[in-house]
4 protein chains.
Amino acid sequence: MSEEPAPRRRQARGERRIAQLLQAAASVFCRTGYAAASTNAIAREAKVSPGTLYQYFPNKEAIAVELGDRLLQEMRATQGLAFDRVDLRLPLPELVDAVLEPVIEFNCRNPAFLALMHGSGDVPGRIAEEHEAVHEQMLTRIGELIRSIAPALDDGERRRIAAMTLGIVKAGLDLVLAAPEGPERDGTVAELKRAVVRYLDPLFAPPLTTTPSP
Amino acid sequence: MSEEPAPRRRQARGERRIAQLLQAAASVFCRTGYAAASTNAIAREAKVSPGTLYQYFPNKEAIAVELGDRLLQEMRATQGLAFDRVDLRLPLPELVDAVLEPVIEFNCRNPAFLALMHGSGDVPGRIAEEHEAVHEQMLTRIGELIRSIAPALDDGERRRIAAMTLGIVKAGLDLVLAAPEGPERDGTVAELKRAVVRYLDPLFAPPLTTTPSP
Amino acid sequence: MSEEPAPRRRQARGERRIAQLLQAAASVFCRTGYAAASTNAIAREAKVSPGTLYQYFPNKEAIAVELGDRLLQEMRATQGLAFDRVDLRLPLPELVDAVLEPVIEFNCRNPAFLALMHGSGDVPGRIAEEHEAVHEQMLTRIGELIRSIAPALDDGERRRIAAMTLGIVKAGLDLVLAAPEGPERDGTVAELKRAVVRYLDPLFAPPLTTTPSP
Amino acid sequence: MSEEPAPRRRQARGERRIAQLLQAAASVFCRTGYAAASTNAIAREAKVSPGTLYQYFPNKEAIAVELGDRLLQEMRATQGLAFDRVDLRLPLPELVDAVLEPVIEFNCRNPAFLALMHGSGDVPGRIAEEHEAVHEQMLTRIGELIRSIAPALDDGERRRIAAMTLGIVKAGLDLVLAAPEGPERDGTVAELKRAVVRYLDPLFAPPLTTTPSP
DNA sequence: TATGAATGAGTGTTCATTCAT
DNA sequence: TATGAATGAACACTCATTCAT
């Protein structure tokens, strides 16, 4: 009972440091991208010496990996639910809204996520792999959503549409993040949803148009 | 009579050198991104010594700026025509096709353009400024196109729609460039056009489509 | 009555800590050499925090110096006797045996001693000075032994012979320590003694052996 | 005929730089040992910037490896001859003289060789391997020499004697290098030879002593 | 006193840029 | 002009040492 507080406080301190460093890293990555971000700059941003940074992370890549992992985990938690629990029989606007809302909200809270995802060629192996994995997972999820909407589509076409949808969403998120918070951002959010709805809406058509005539 | 030819040939030689260096830079930027591209790598790619590179460009940034400028100029030449000459009374699919086709073709021939435009945070000031300028110009052009389609839209909304359109186009171009040449790329091109058409189509409708069929 | 026990216990505790740290240092120096040994590694080996280490030693060098001093002291205690008490009228093999046996035994028990003595250039000033001092003392002792054997030798020559003897002993000790304990090590020990005996034996001879038996 | 000078001069310059850097490295290694030698210190000693050093060597280890290789090559050239051409029927003092003289001379000209060989634990893999190889080769050569002198010796004993001989030689070389050039050094050289002769002389005995009695 | 997180100067190394040839 | 060796500031990272707890 008298021995636990110390280690706990220690761990707590460690966790706080890590969080502080990751936040600093997120901020620097957002400003300069991964490649141009210097570990010393991250340490400075975290108001900590370079040595301290290296007490918690073995190297620069590990910082980005851990940051990516944490963001990913949170993203999956937030967004996985959205994807899995969404009622596929909902009208498209509501469906898109249900799926996109948590994604947008997450990215607004964690702009580093997109920053990390964007660094195309300049990120080292581990992060690029994560990229790939997340990207693939998202394509799959969107693909499944599309299948439930338009089961007749062949695999290639579905994949293409999923990729385009994801592209639109990413582009829209960039615009959303670039917009100042307030009505402007809200408007951009609405515009993004509208774009996705309009893009996917035609996929619905056939079943309805084909069945009439009594 | 003996002094003119020399400078001309010199200038000609200089132009060739610059072109050679810019092409090398384009190639390297595409492979590694701006930040990770080393001037020595560019010089090597151009089969020229680093010293020679610095005879034509004061620093690394200047290379990117000049490359950007030239691509821009070519883009404007190719695309400006498309934008300016397009018949605004064409049905939307044909209109989008007329505007987008040269853009796509240009970007396929000059993948460095998109590479340069994408480097979000890792490019230094000057290049970012150019970004801004090009971006702004494109927004304006798209905005004008939109005004001709939907004159009733207020400025803010038009701007927002133009930005989203540009975002969709950029995202689509990424997919197009990522797709292997052949049917896959063609399919992706078609998908991009479809996305833009679907996004912009509703802007036409209200006044005309809502009142039909007695 | 209530003040004395505490300091004593403290001192005792301090001594134990110091001993513990020095032993850890000896172990680490043996494994990695002085230069490559990190104070953190020593503290870890002693199962103590770096801060504690610095409560007993002002810096890394002081650890090596103190370790050297203690080893030296013990060496002197063990070996001084051997040197001082040895019966100089003994035949050379027995004499060498009497002097070398405790030296060998000491070095087998304290391999750090040789490790510390060997670090030729990579040790800082203070340690090098100690080196010098020990070295000088050993040379002197061996020199005296040699004088008792060959009183006719001039100073320079005696010093040279003493130095070579010490060199042979050090080289032999390295071999002994490198050999696995058991018959191999015993054989190496015997070889070392043989080498020293053969080297010094001719110093005895001339006056007695040259004039023999008609 | 007009194109060759440039590359040649270039290569010559490069070679000179490398030689200059290696010499500086040798000097610094001698003073501080490998581990404590900083590349910047080597560059400074060579009156060159750190960048220049890295134009010729990919990393610190490569400097030591190249230096070791060159020294080794020269050593083998000088010493191999001595070992291979020596007339084994020579009386021992002449034989030792013939073998040792070039070794001593080489080490006097290249004190870095011994310095590099001495760094026991603090040298990285590649160099340690070279160590091992040279050491082994020397043991083999000395072993063969011993076999020609004392063919009856069993393998283990021969190896032990070879190792001790090598140890004596190394120890002696250290003394030789430590002695100021002039009569003192010459005397030390003579003493080293004497030590080796005395150590190996008894191996000759049997054949002579056993064959008498007509 | 003991702890171990924090420090920051110093390492090895890279790369944009300069300059003697 | 063209060359490529040379430069040196800056980066990722380490470790002897300090200090709040």
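In what follows, chains are A, B, ... by sequence order, proteins preceding strands, each numbered from 1. We use all heavy atoms of the structure for the numbers below, so side chains are in, but hydrogens, waters and symmetry mates are not. This one's a predicted model, so the numbers in the text were calculated from it and none came from an experiment.
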Phosphate OP1/OP2 of F:dT7: any D:T52 side-chain N/O under 4.0 Å: yes

Out of F:dT18, E:dT3, E:dG12, whichever nucleotide has its closest atom nearest the side chain of C:V48: E:dT3

Sugar-phosphate only, base, or nothing, as touched by B:A43 at under 4.0 Å among non-hydrogen atoms: nothing

Length of the CD1-C1' vector between C:I63 and F:dA16, whole Å: 10 Å

Sugar-phosphate, base or nothing in reach of B:F57, heavy atoms under 4.0 Å: nothing

Inter-residue atom distance C:D69.CG - C:L22.CG, 0.5 Å rounding: 10.0 Å

Phosphate contact (E:dT7 OP1 or OP2) by A:S49 side-chain N/O below 4.0 Å: yes

Minimum-distance nucleotide (side-chain atoms of C:N59 versus F:dT17, F:dA12, F:dA9): F:dT17

Distance test, side-chain N/O of D:T39 to OP1/OP2 of E:dG12, below 4.0 Å: yes

Residues in salt bridge (Lys or Arg N to Asp or Glu O under 4.0 Å) contact with B:R44, at least two apart in sequence or another chain: none

4.5 Å side-chain heavy-atom contact, A:L72 and A:F113: yes

Contiguous Watson-Crick or G-U pair runs (3 or more, under 3.5 Å) in DNA chain E: E:2-21 with F:2-21

Whichever of B:S38 and D:S38 has its nearest DNA chain E nucleotide further upstream toward 5': D:S38

Among F:dC15, F:dA2, F:dA12, the one nearest B:Q55 by side-chain distance: F:dA2

Pair A:R70-A:Q73, side-chain donor/acceptor within less than 3.5 Å: no

Any C:R17 side-chain nitrogen or oxygen under 4.0 Å from OP1 or OP2 of E:dA2: yes

Between P of E:dT14 and NZ of D:K60, the distance in whole Å: 15 Å

5' priority, DNA chain F, between B:K47 and C:P50 [closest heavy atom]: B:K47

Side-chain heavy-atom pair C:I18, C:E15 within 4.5 angstrom cut-off: yes

Touch class at under 4.0 angstrom, heavy-atom based, for B:A37 against every strand present: sugar-phosphate

5' precedence on DNA chain F between C:G51 and B:L53 (nearest-nucleotide basis): B:L53

Under 4.0 angstrom between C:Y56 side-chain N/O and E:dT1 OP1 or OP2: no

Integer-rounded Å distance: E:dT11 P and D:Y34 OH: 14 Å

Heavy-atom side-chain contact between A:Y54 and A:T39 under 4.5 Å: yes

Distance, rounded to the nearest Å, where A:N40 contributes CG and E:dA9 contributes C1': 12 Å

Whole angstrom value for the distance that separates C1' of E:dA5 from CD of A:E15: 15 Å

Length of the line joining C:E61:CD and F:dT17:P, which is rounded to integer Å: 9 Å

B:Y54 vs E:dT17: side-chain N/O to OP1/OP2 distance below 4.0 Å: yes

Within-4.5 Å side-chain heavy-atom neighbours: A:E66 and A:L21: no

Contact under 4.0 Å: C:R44 side-chain N or O vs E:dG4 OP1/OP2: no

Side chains of C:I63 and C:Y56 in contact at under 4.5 Å (non-hydrogen atoms): no

